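Worksheet for the structure shown next.
Side chains included, hydrogens not; waters and symmetry mates left out as well; all remaining heavy atoms used. Ligands are counted one by one from 1 in listed order, and the atoms in each one are counted from 1 as well. Model, not experiment: these values are computed from the prediction.
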Amino acid sequence: MALLLIALLSLSLLHHSLSCPSTHKQSLLHFKSIVAPQPTTTNDSIPFFAFDSWITNNCCNWEGVTCNLALPSKPVTHLRLSAVVPLPYTAPSTAIASLFAIDTLRFLDISENSLEGEIPSPSEGGFTSLVNLTYLDLSSNLLNGTIPSNVFQLRNLKHLNLGGNSLTGFLSSAIANLSKLQVLSIEENSLTGQIPAEIGNLIQLKVLSLSQNQFSGEIPESLLQLARLQVLDLGNNSLTSSIPDQIGALSNLSFLSLKMNQLSGEIPVSISDMKQLQSLELNRNSLTGLIPSSLFHLKMLKKLNLGASKLLLNNSLEIHPRSSFSFLSLRACGLTGSIPGWLSDQKELDFLDLSENKLTGSIPLWLTGPQIGSLIMSDNNLTGQIPSNLFNSRNLSVLDLSRNGLSGHLPVNIGNASAIMILLLSSNNLSGHIPPSITNITRLLALDLSANQLSGDSFPQFRTDTYLAYVDLSENSFYGEVPVGFGPQIRSLSLASNKFTGPLPAKLITMNFIENLDLHDNYITGGIPHWIGQMSAIYVLNLRDNKLEGAVPFAISNLSKLHVLDLSGNNLTGTVPAEMGRLTGMVDTPITYFSISDLFTFSLDLSDITTYWKGALRDLGYQRVSTYANLDLSRNQVSGRIPGELGNLKGLKSLNMSYNMLEGEIPATLGLLHKLESLDLSHNKIKGSIPPSFGSLYQLTTLDLSYNKLTGRIPVGGQMSAMTDPSSYANNSGLCGFQIQVRCEPDDPSEVEVSEGAQGEGSIGDHWLNLKWGVVYGFLLGFSVAVVVSYFAGFLYPNAPKRYLRR
Ligand SMILES: *[C@@H]1O[C@H](CO)[C@@H](O)[C@H](O)[C@H]1NC(C)=O
Ligand SMILES: *[C@@H]1O[C@H](CO)[C@@H](O)[C@H](O)[C@H]1NC(C)=O
Ligand SMILES: *[C@@H]1O[C@H](CO)[C@@H](O)[C@H](O)[C@H]1NC(C)=O
Ligand SMILES: *[C@@H]1O[C@H](CO)[C@@H](O)[C@H](O)[C@H]1NC(C)=O
Ligand SMILES: *[C@@H]1O[C@H](CO)[C@@H](O)[C@H](O)[C@H]1NC(C)=O
Ligand SMILES: *[C@@H]1O[C@H](CO)[C@@H](O)[C@H](O)[C@H]1NC(C)=O
Ligand SMILES: *[C@@H]1O[C@H](CO)[C@@H](O)[C@H](O)[C@H]1NC(C)=O
Ligand SMILES: *[C@@H]1O[C@H](CO)[C@@H](O)[C@H](O)[C@H]1NC(C)=O
Ligand SMILES: *[C@@H]1O[C@H](CO)[C@@H](O)[C@H](O)[C@H]1NC(C)=O
Ligand SMILES: *[C@@H]1O[C@H](CO)[C@@H](O)[C@H](O)[C@H]1NC(C)=O
Ligand SMILES: *[C@@H]1O[C@H](CO)[C@@H](O)[C@H](O)[C@H]1NC(C)=O
Ligand SMILES: *[C@@H]1O[C@H](CO)[C@@H](O)[C@H](O)[C@H]1NC(C)=O
């Protein structure tokens, strides 16, 4: 009883002695009022849970606030205010300044708060009052501007983290004043200039991360003085010149990343002196020379990424690695011959990338061990069958064997590998059908079997709970009706260049999220159904070169996101529906992203979108296609007039209506398509003159109006004055203008040219026919997910040191 009393007494005493002074309390409440404004009458639902406890009198009891018993008058020493601002809210960075009055602070963490604006500068008192601060974390906010100089006066700082903001400017050499620093992280900002050599004075440093900035120049030699360094991350900058020869002097390093720079020269042999090294990333540089085999003798090394750095590994050397890798990328390292045999002893390998080498021979059985998670061997010359053992692993999540010479059937047990998320076997010589067991791969997200010799007319029916989002079966010999059993999550479906027959299946409308549907080059018959207007997520629709007939349904105008519509090379009849002028996706082409990129939590580079455009096959980057609009109805039997409403589609970059039976005049509104780069109305029966409004088509680079009945003066102005290729105007009924060097008679142009002009054109015309002037074939969309796989490192293999930095 007495004990309890004493305990109670002392508790209350303690409580009393720690009741926080009004200066500290006011500072904290001021911070709160800026970060979490009082609920307004319109919205009181903002959930600032972090401040729930900030109501009692004693601020030492508040969540995130720690006080020091020994300093009763000014007790607050630690503030842990990370992630108090819930997403998606932001708060002004001035909130930081309200804490400057708490001069007893030793520890301040305000990370992950979406604080917006500049770090409070000297004129606002800066950080100068916080003389005893040892720990400062402002990372993962929205801070911009430069790093204010008074941060460099916090001489007691041991830990400084400003990463994940938008800071700009140079890193001041005054950083050298923070001589007690052990951790310095400024990663993921936009700092420029050189890495100051003075960093070499920070001899206490254990962690130095300057990655993902725009630092340029050399790696300063002075860094070699940082003998205690354990983590050195200079990745994703613009560093040049060579890696310092003596880098091995950093003998305590366990993590070294110089990836994604422009470093040249050879890998210094001294790296093999870093006996503690666990992770080495030199990928994506311009390094040259042979990879020293001593690297493979580092016992602690678990992760080695030398991919795409122009390095060479001499595959005839006997390597007896002492490292036991879990991650190994030797992408584009000039490997020749068969898959290196020493890999067979690597029992802990989880990620292996040998893509873009010149490996030959078959995939050895030992590579199919149960532990491997990602196996990337695309772009080699591997032959033979895909070993079925590979699919007995429940650990396999990424398999990319694209662009090799693999043959034979897909193993029937493919579905045993139930953890596969990404399966890419494109561009091989695989034959046979798709094994039904594939539907047992419940985590499958992306399936690319394109450009093989696969066939069959029975397709696996994926379950309705599948995640499958991306399917490419194009360029095979599949036949039968268009398959639709890919589950409800499908975002991109390509079945192009097969032998599919029958009509468009109505089940397509159950694909609620489909953004890209590519069925070009098949034998699909029937009309374009009215229900097509219900595929509301669609963004690219390619039905080119099929046997579709009937009219283009006006319901197609309901596809409000449609950027690219290619119906060319069918047997469509009827007129061009005026409703097409309401395709809002082609009006202002709002930047749209394939949502498939959201499914993967890394920056997806689904590039290599190719298109027949402006007469040639071109690459459309993933970024560009998001702002690209194209309408192609060419090579059909469409008749009637071109509706003037098409002039609404102001986002169009390419419009092709060639090889139809269009008549009437060119609507003057087409001159409003200011983004138009390619216009093809050739091989129709269009009459009248070219509208003078074409003079404002400032982006036009390709024009074809040949084989029509056009007459009169070719307009001048804009790009029209530059459209001087006579083939653009050939075989019309009397065009004139300086572009074709035919003088217009001021009063009666048409008569003169029918007799004289046409003759002149005819003689040059024979010559033109020999030129392969481009027929614009429309749009061919093909993704190549292979590029993507290089990003899987980050996706499947979270970056360990980052966790370290973030405590
Ligand atoms: C109130 O906040 C919620 C988020 O918690 C938001 O969804 C809603 O739109 C807001 N309402 C108003 C009127 O701002
Ligand atoms: C800083 O720390 C020193 C030593 O612990 C102490 O004497 C001094 O009062 C502190 N300064 C402030 C402003 O709290
Ligand atoms: C910082 O961002 C704010 C808005 O968040 C903006 O008003 C200000 O101009 C930016 N400052 C700099 C230097 O970019
Ligand atoms: C850094 O220290 C030097 C000398 O020690 C001093 O001249 C300079 O003003 C300091 N810089 C800052 C920003 O404190
Ligand atoms: C590299 O850094 C830049 C900013 O400097 C950033 O935009 C880009 O996403 C980074 N790339 C990767 C792969 O992290
Ligand atoms: C290297 O690290 C070890 C333990 O991590 C430590 O004991 C040693 O002092 C460090 N060496 C240097 C030069 O800091
Ligand atoms: C690769 O190693 C073999 C065997 O040691 C050797 O004969 C050959 O010259 C080496 N090639 C290069 C390019 O160093
Ligand atoms: C997955 O890999 C681990 C080792 O990383 C291994 O122990 C396990 O047996 C593997 N599981 C399967 C199903 O192969
Ligand atoms: C792959 O092999 C084929 C024929 O065997 C050859 O033509 C081609 O150049 C080889 N490709 C590479 C990258 O070695
Ligand atoms: C693999 O699949 C085959 C046939 O699909 C089946 O008979 C076998 O039991 C499966 N093996 C494992 C290990 O799941
Ligand atoms: C899917 O796996 C189950 C057992 O996990 C098996 O019974 C079934 O036959 C498999 N389905 C196919 C189509 O292979
Ligand atoms: C196109 O359709 C018309 C009539 O509908 C038909 O006579 C013609 O044969 C078709 N052409 C092709 C190439 O299918």
| message | Using side-chain heavy atoms (C-beta onward) and a distance below 4.5 Å, is S418 in contact with I441? | response | no
| Do L425 and L406 have side chains that get closer than 4.5 Å, going by heavy atoms? | no
| said: In the structure I gave you, are the side-chain heavy atoms of N132 and T104 within less than 4.5 Å of one another anywhere? | reply: no
Could you go through ligand 3 and note, for every N or O atom, any protein N or O atom closer than 3.5 angstrom, writing the atom names and distance to 0.1 Å, or 'none'?
from     : atom 1 : to   : atom 2 : distance (Å)
ligand 3 : 2 (O)  : N144 : ND2    : 2.3
ligand 3 : 11 (N) : N144 : ND2    : 3.0
ligand 3 : 14 (O) : N144 : ND2    : 3.3

| query | Side-chain contact, heavy-atom cut-off 4.5 Å: L157 with L133? | reply | yes
| query | Any side-chain heavy-atom pair from T501 and Y479 closer than 4.5 angstrom? | reply | no
| task | First locate atom CG of L79, then atom OG1 of T66, and finally report the distance between them rounded to the nearest 0.5 Å. | result | 8.0 Å
| Should we say atom NE2 of H30 is surrounded by more than 12 heavy atoms from elsewhere, each under 6.0 Å from it? | no
| field | Within-shell test, P436 vs ligand 11, heavy atom, strictly < 4.0 Å | value | yes
| message | Need the ligand 11 atom indices (1-based, order shown) with element for anything under 4.0 Å from a heavy-atom of N440. | response | 1 (C), 2 (O), 3 (C), 8 (C), 10 (C), 11 (N), 12 (C), 14 (O)
| query | Which of the numbered atoms in ligand 2 are below 4.0 angstrom from a heavy atom of R106? | reply | 2 (O), 5 (O)
| For ligand 2, which atoms have a heavy atom of T104 less than 4.0 angstrom away? | 14 (O)
| Quick one: does D109's side chain have a donor or acceptor within less than 3.5 Å of a partner on L81's backbone? | no
